[in-house]
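These notes concern the structure reproduced below.
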Amino acid sequence: MTTTPSDLWHHYGRTRAEHDRAVPDTFRWNWSQDSGPGPEVLGDLSGLVVGDLGAGGARHAAHLAVHHRPAQVVAVDASPAQYEMALDLFGHLAPRLRIVPSDAVSHLRATAGTYDVLYSVFGALDFTDPRELLPVAAAALKPGGRLVFSTLAHYLSGAPAQPDVVAADVPAKTPEGEASALRRWVLQEHVWVKVLDDAGFTGIGVDVLPSATEGPRTADTLLIRAVSIPRTRGK
């Protein structure tokens, strides 16, 4: 794989990719990926254009492309390593699955009015300032389009989520294995609701998915759904 020193996602998912190349039968929204609702939360995707923001190895996107009859699923990720891994695993699913190397904000800015559904499973919504990402997500959705994402309800350490739109540094490794950090937004439920409302979403709903496992680095999940506000004709 070709990487750059700044690609802090170089190591993520590589071990699994070496022995598991199958399109998943389903996926879950909770942190441990082992319980709770699945892709049915997204609704009927038949004939729709769907975007996965921060798709990683594109396993969730591949599942939707194979099992849910969309017109197309676009898997977007800024990491060169994740992009190349996704191509290696699921490039054969093109054109139903399109794998795009881009940060979410840049991609959404260039695709206004394109998507019926956008989603993220602990992806770009966690690692991008929501005040930058959510407005362009609203614009990239067709009027009445759906946004669904899962995010941490609290830090993996057990510390409470932030009461304002504030990021924290979380540990990461460079391709060379050196210690580094990523910015992650772990926000309280009411903060997400406000920033979504400010960005142009309505019909905002939040479910808390309790952790199904015990031990260190487990977490409850916020499953958040919102609808883009239909824009007035001529605006």
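One-based numbering along the sequence shown.
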For residues Ala86 and Ala58, report the shortest heavy-atom separation together with the two atoms involved. CB-CB, 3.8 Å
Report yes or no: do Asp220 and Ser211 form a side-chain donor-acceptor pair below 3.5 Å? no
Measure from the side-chain N and O atoms of Arg96 to the backbone N and O of Pro70, and report whether any donor-acceptor pair falls under 3.5 Å. yes
Across all chains, not counting sequence neighbours, the salt bridge (charged side-chain N to carboxylate O under 4.0 Å, His left out) partners of Arg131 are Asp129
Sorted by first residue and then second, give each ring-ring contact (aromatic ring centres under 6.0 Å, His included) pair with at least one member in residues 139-164; sequence neighbours left out. Phe149-Trp192
Decide yes or no for Asp116 and Leu141: does some side-chain heavy atom of the first lie under 4.5 Å from some side-chain heavy atom of the second? no
List the residues meeting salt bridge (charged side-chain N to carboxylate O under 4.0 Å, His left out) with Asp103, not counting sequence neighbours, and say none if there are none. none
Heavy-atom nearest pair, Ala138 first then Ala199, reads CB-O, 3.5 Å
N/O donor-acceptor pair under 3.5 Å between Ser120 side chain and Gly123 backbone: yes
Between Ala104 and Leu133, what is the shortest heavy-atom contact and its length? CB-CD1, 3.9 Å
Where do Leu223 and Val41 land on the side chain to side chain contact (heavy atoms under 4.5 Å, CB included) test, with the steps shown first? CA-CA 10 Å; Leu223 178 59; Val41 172; 4.2 Å; yes
Spacing of NE2 belonging to His92 relative to CG belonging to Leu97, to within rounding of 0.5 Å: 9.0 Å
Step through the shown structure and confirm whether more than 12 heavy atoms of other residues, nucleotides or ligands are within 6.0 Å of CG on Asp34. yes
For Leu222 and Gln188: C-alpha separation, side-chain torsions, deciding distance, then whether side chain to side chain contact (heavy atoms under 4.5 Å, CB included) applies. CA-CA 9 Å; Leu222 297 182; Gln188 293 181 13; over 6 Å; no
Pro130 side chain near Leu187 side chain, heavy-atom distance below 4.5 Å: yes
With the side chain counted from C-beta on, respond yes when Leu42 and Leu64 share a heavy-atom pair under 4.5 Å apart, and no when they do not. yes
Establish whether Val193 and Ile224 are linked, either directly or via other cluster members, by ILVMFWY side-chain heavy-atom contacts under 4.5 Å. yes
Check whether any side-chain heavy atom of Val74 lies under 4.5 Å from a side-chain heavy atom of Val50, and answer yes or no. no
Backbone of Val186 reached by a side-chain donor or acceptor of Gln162 within 3.5 Å: no
For Thr151 and Leu125, what are the C-alpha separation, side-chain angles and deciding distance, and is it a side chain to side chain contact (heavy atoms under 4.5 Å, CB included)? CA-CA 7 Å; Thr151 185; Leu125 270 295; 5.8 Å; no
Trp185 and Ala167 have their tightest heavy-atom pair at CE2-CB, 3.4 Å
4.5 Å side-chain heavy-atom contact, Ile204 and Asp197: yes
Could you give all pairs that pass the ring-ring contact (aromatic ring centres under 6.0 Å, His included) test and reach residues 39-85, with sequence neighbours left out? Phe27-His60, Phe27-His63, His63-His67, His63-His68
Are Val66 and Phe90 grouped together when hydrophobic residues (ILVMFWY) are joined by side-chain heavy atoms under 4.5 angstrom apart? yes
Do Leu53 and Leu108 come close enough that some side-chain heavy atom pair is under 4.5 Å? yes
Return the set of residues passing side-chain contact (heavy atoms from CB on, under 4.5 Å) with Thr221 (not counting sequence neighbours), or none when no residue passes. Asn30, Trp31, Phe122, Ser150, Leu209
Say whether, by atom type as modelled, one donor and one acceptor occur between the side chain of Ser228 and the main chain of Gly145 under 3.5 angstrom. yes
Criterion side chain to side chain contact (heavy atoms under 4.5 Å, CB included) on Asp198 and Lys194, from CA distance to verdict: CA-CA 6 Å; Asp198 290 346; Lys194 183 178 187 305; 2.8 Å; yes
Pairwise distance CG(Leu118) to NE2(His107) - rounded to 0.5 angstrom: 8.0 Å
Mind checking whether Arg146 and Leu45 have side chains closer than 4.5 Å, heavy atoms only? yes
Would you check if the side chain of Gln72 reaches a backbone N or O of Val49 as a donor-acceptor pair within less than 3.5 Å? no
Between Glu40 (side chain only) and Gly38 (backbone N and O only), is there a donor and an acceptor less than 3.5 Å apart? yes
Kindly write out the residues that satisfy salt bridge (charged side-chain N to carboxylate O under 4.0 Å, His left out) with Asp44, not counting sequence neighbours, or none if the list is empty. none
Nearest 0.5 Å please: distance from the CD atom of Gln82 over to the CD1 atom of Ile99. 11.5 Å
Without swapping roles, check the side chain of Arg28 against the backbone of Gly36 for a donor-acceptor pair under 3.5 Å. yes
Contact between Leu93 and Val23 at the side-chain level, heavy atoms closer than 4.5 Å - yes or no? yes
Hey, is the main chain of Ser102 close enough, under 3.5 Å, to the side chain of Ser106 for a donor-acceptor pair? no
Do Leu156 and Trp29 sit in one hydrophobic cluster, given that two such residues count as connected whenever their side-chain heavy atoms are within less than 4.5 Å of each other, even indirectly? yes
Say you draw a straight line from CE of Met85 to OG of Ser79; how long is it, rounded to the nearest 0.5 Å? 7.5 Å
